[in-house]
Q: 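Here it is: the structure, laid out below.
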There are 2 protein chains.
Amino acid sequence: MATIADVARAAGVSPSTVSYVLSGRRPISPATRARVERSIAAMGYRPHAGARALASRRSNVLALVAPLRTDINVPVIMRFVTSVVTTARSYDHDVLLLTKDEGADGLTRVAGGAMVDALIVMDIEADDARVPVLRGLRQPAVLIGLPDRPAGISCVDLDFAATGYTAVQHLAEHGHRAVALVGPPAGVYQRGTSYATRLRAGFDDAVAHLGLRRAARPCDPTFDGVAACIRQLEAELPETTAFVVHNELALAPVLEILRASGRRVPEDTSVVAICPEDVALGLPVRLTSIDIPAHDVGALAVEMAIHLLERRHGAQTRLLAPALTERDSCADRIG
Amino acid sequence: MATIADVARAAGVSPSTVSYVLSGRRPISPATRARVERSIAAMGYRPHAGARALASRRSNVLALVAPLRTDINVPVIMRFVTSVVTTARSYDHDVLLLTKDEGADGLTRVAGGAMVDALIVMDIEADDARVPVLRGLRQPAVLIGLPDRPAGISCVDLDFAATGYTAVQHLAEHGHRAVALVGPPAGVYQRGTSYATRLRAGFDDAVAHLGLRRAARPCDPTFDGVAACIRQLEAELPETTAFVVHNELALAPVLEILRASGRRVPEDTSVVAICPEDVALGLPVRLTSIDIPAHDVGALAVEMAIHLLERRHGAQTRLLAPALTERDSCADRIG
DNA sequence: TTGAAAGCGATACCAA
DNA sequence: TTGGTATCGCTTTCAA
């Protein structure tokens with residue numbers, strides 16, 4: 001493989017000049033630049049990433065820790081990952097993918113070995129053991145999610161509390177007085193994954209402030225699981241006229257079960273979903289929904305990481321405001 | 001950060017001894033080893049990945065190129081990714097994730113810069129422009145999928161031709177004489193993604209050999225898309241009594257549409273799915289299915305890459321035999 | 001505007 | 001069984 005010295009020789013300049021042509025960190029005369037660039041192209045030269053990382057103390061790689069489980073919410077995860085990878089590339093970084101299962105050790109491994117310049121960590125739990133570890137690292141970190149004590153670490157996420165509030169408010173404005181929440185699977189709550197509890201808190205707040213009645217349950221995203229969930233919700237609150245569904249995989253079964261039991265959406269029962277837009281559009285009824293802006297959140301996470309690296313700012317928390325889109329699953333409650 | 005020299009000094013040995021303790025590439029006396037390991041632990045020493053890559057000509061990173069689009073087949077992709085990442089870790093490698101959108105340039109970039117020791121590439125098209133590029137790289141590559149001309153490159157995949165054949169054969173054994181194929185979205189065929197055409201070929205082979213009639217169509221995985229697809233299939237072959245569905249996202253709509261039009265599964269209409277096991281189990285009817293063994297394929301791809309690196313063998317193609325699991329969506333055709 | 005050379009932090013060869 | 005050290009390929013400071 002050609003090295004920087006080979007290129008320099010071929011161009012009749014010193015290695016440092018080649019380096020500066022590549023980095024643009026000092027002015028180069030047009031003539032020299034042209035000769036160097038021609039040699040680079042002719043030899044198909046690529047800087048050795050390891051050598052570069054060693055000398056510059058920058059790997060140009062971001063770590064992304066994703067919950068690679070098959071049991072939940074896969075399409076949304078994939079959207080975050082896609083957004084992070086493509087945005088990272090636009091900042092000249094690559095992405096090293098770790099699973100959440102590696103836990104804190106994985107973080108110290110890739111950070112300690114200087115494999116990565118910064119870390120982006122998804123699926124943050126309320127009392128996440130990884131947060132103190134991240135605080136101790138040399139590299140900056142951005143959390144996608146919100147732990148109980150985010151001090152000193154950057155976070156970015158949808159504002160799930162506002163999302164829960166907004167969903168209920170919308171239903172209240174349509175005259176609904178009794179609303180039921182179909183939540184994520186029980187495991188999500190048990191792990192303390194904070195988006196679930198935050199949404200629930202906003203939901204409860206709105207119910208209280210607006211003087212409604214409510215029922216709320218976690219929900220397994222299988223057909224039987226959804227059926228059981230709805231049965232329990234209606235046993236608890238028989239006058240329910242609207243559902244807030246915060247569980248992407250449960251959406252199709254919810255619609256199917258309502259239909260099978262003779263309740264039309266939206267004429268008899270209203271539904272507000274919290275899910276990505278294309279999911280809301282891909283079901284038999286076009287769902288009124290609050291988007292999970294995975295693309296924006298992922299891109300913002302990368303930008304924050306890059307800015308942290310450039311010391312453009314310190315740790316900060318950014319919660320994106322929810323946006324509700326009215327479609328065909330919500331109607332006025334008559335009478 | 002502590003370096004190997006710091007550790008050596010603290011342990012009263014030379015840097016090379018520390019290196020050999022870490023790599024196990026030469027015998028070390030128990031006493032020395034203990035002292036070194038104690039220093040390593042005490043100082044929290046981690047070898048610098050870049051320095052190591054520079055000196056050893058090994059990054060211990062695998063590139064994984066995945067189709068990070070949101071429009072198709074997301075959960076299966078995620079399974080491949082998960083399997084590759086976890087298996088790579090078991091061979092002491094990390095995974096750099098690239099999107100298919102980066103194309104051949106992405107491959108030459110990470111390979112040319114020696115960021116990775118080997119590449120694993122998903123979603124291979126019949127005449128994939130990346131294959132000749134991979135052939136020219138210094139690093140070995142493993143394709144998940146099967147191009148038209150795989151010479152010189154390792155491939156691993158489910159045997160989709162055998163899968164299509166098996167699905168039809170199973171239906172024929174149950175007395176079905178007219179079968180319809182609900183395929184992947186048209187885009188998948190247009191891109192020439194080979195699994196789609198290979199399955200289709202096996203499907204057609206079986207139909208011919210067993211003397212059946214058939215219709216086959218691509219299918220958009222939205223509710224409306226599936227409805228249109230089924231309508232067209234039945235217009236083309238009104239006597240259809242069974243569906244082979246090679247489109248994960250279409251499964252729920254297919255069942256719903258059949259049910260809505262008064263056809264019971266399996267009493268009136270049989271369905272064989274090609275999909276991951278948990279998808280087959282998560283629908284209102286437990287589906288008779290042929291598993292897409294994403295976990296096995298991903299793990300095998302990593303193992304092949306590692307063996308290629310160790311020069312344990314040369315390029316080879318491995319197609320995994322399909323396994324059909326009978327569940328509740330297939331019944332004998334009476335009369 | 002450019003060059004020379006000192007690191008960066010490992011590995012692995014050559015000696016002992 | 002261990003040590004010394006050249007080497008990997010680049011960045012960046014210091015000089016010119």
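Sequence lines set the chain letters: A, B, ... in the order given, protein chains first and strands last, and positions in each chain run from 1. Not measured: the values here are computed from a predicted model.
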Q: What are the atom names and distances for every N/O pair under 3.5 Å that joins the protein to nucleotides 12-16 of chain C?
A:
from: C:dA12; atom 1: OP2; to: B:R25; atom 2: NE; distance (Å): 3.2
from: C:dA12; atom 1: N7; to: B:Y20; atom 2: OH; distance (Å): 3.4
from: C:dC13; atom 1: N4; to: B:Y20; atom 2: OH; distance (Å): 3.0

Q: In whole angstrom, give the distance that lies between atom CG of B:L54 and atom P of C:dT11.
A: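 That distance rounds to 11 Å.
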Q: Would you list the atom pairs, donor with acceptor, under 3.5 Å between side chains in residues 139-146 of chain A and any protein atom, with sequence neighbours excluded?
A:
from: A:Q139; atom 1: NE2; to: A:A111; atom 2: O; distance (Å): 2.8
from: A:Q139; atom 1: NE2; to: A:V116; atom 2: O; distance (Å): 3.0

Q: From CZ of A:R52 over to C1' of C:dG7, roughly how many Å is that when rounded to an integer?
A: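 Between C1' of C:dG7 and CZ of A:R52: 17 Å.
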Q: Contact class for A:G113 vs. all strands (heavy atom < 4.0 Å): base, sugar-phosphate, or nothing?
A: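 Counting heavy atoms under 4.0 Å across all strands, no contact is made by A:G113.
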Q: Axis-to-axis angle across the helix from C:dT1-D:dA16 to C:dA16-D:dT1, five pairs an end, to 10 degrees?
A: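 Nearest ten degrees gives 30° for this helix.
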Q: Could you check which residues of residues 1-8 of chain A get a heavy atom under 4.0 Å from DNA chain D? Sort them by number, please.
A: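 The stretch gives A:T3, A:I4 as the residues lying under 4.0 Å from the strand, ordered by number.
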Q: Taking 5' to 3' order, which nucleotide of DNA chain D is first and which is last to have an atom within less than 4.0 Å of a heavy atom in chain B?
A: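 Contact span on the strand: D:dT1 to D:dG9.
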Q: Would you indicate what A:R58 reaches in the nucleic acid, counting non-hydrogen atoms under 4.0 angstrom: base, sugar-phosphate, or nothing?
A: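 Here A:R58 touches no strand at all.
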Q: Below 4.0 angstrom from OP1 or OP2 of C:dG9, is there any side-chain N or O of A:R57?
A: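 The answer is yes; a side-chain N or O of A:R57 sits under 4.0 Å from OP1 or OP2.
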Q: Report which part of the nucleic acid A:R33 touches: base, sugar-phosphate, or nothing (heavy-atom distance under 4.0 Å, all strands).
A: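 Result for A:R33 = nothing.
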Q: Identify each donor-acceptor pair in which a side-chain atom of residues 35-45 of chain A lies under 3.5 Å from a protein atom, sequence neighbours left out, and give them as a table.
A:
from: A:R35; atom 1: NE; to: A:A11; atom 2: O; distance (Å): 3.1
from: A:R35; atom 1: NH2; to: A:A11; atom 2: O; distance (Å): 3.1
from: A:S39; atom 1: OG; to: A:R35; atom 2: O; distance (Å): 3.1

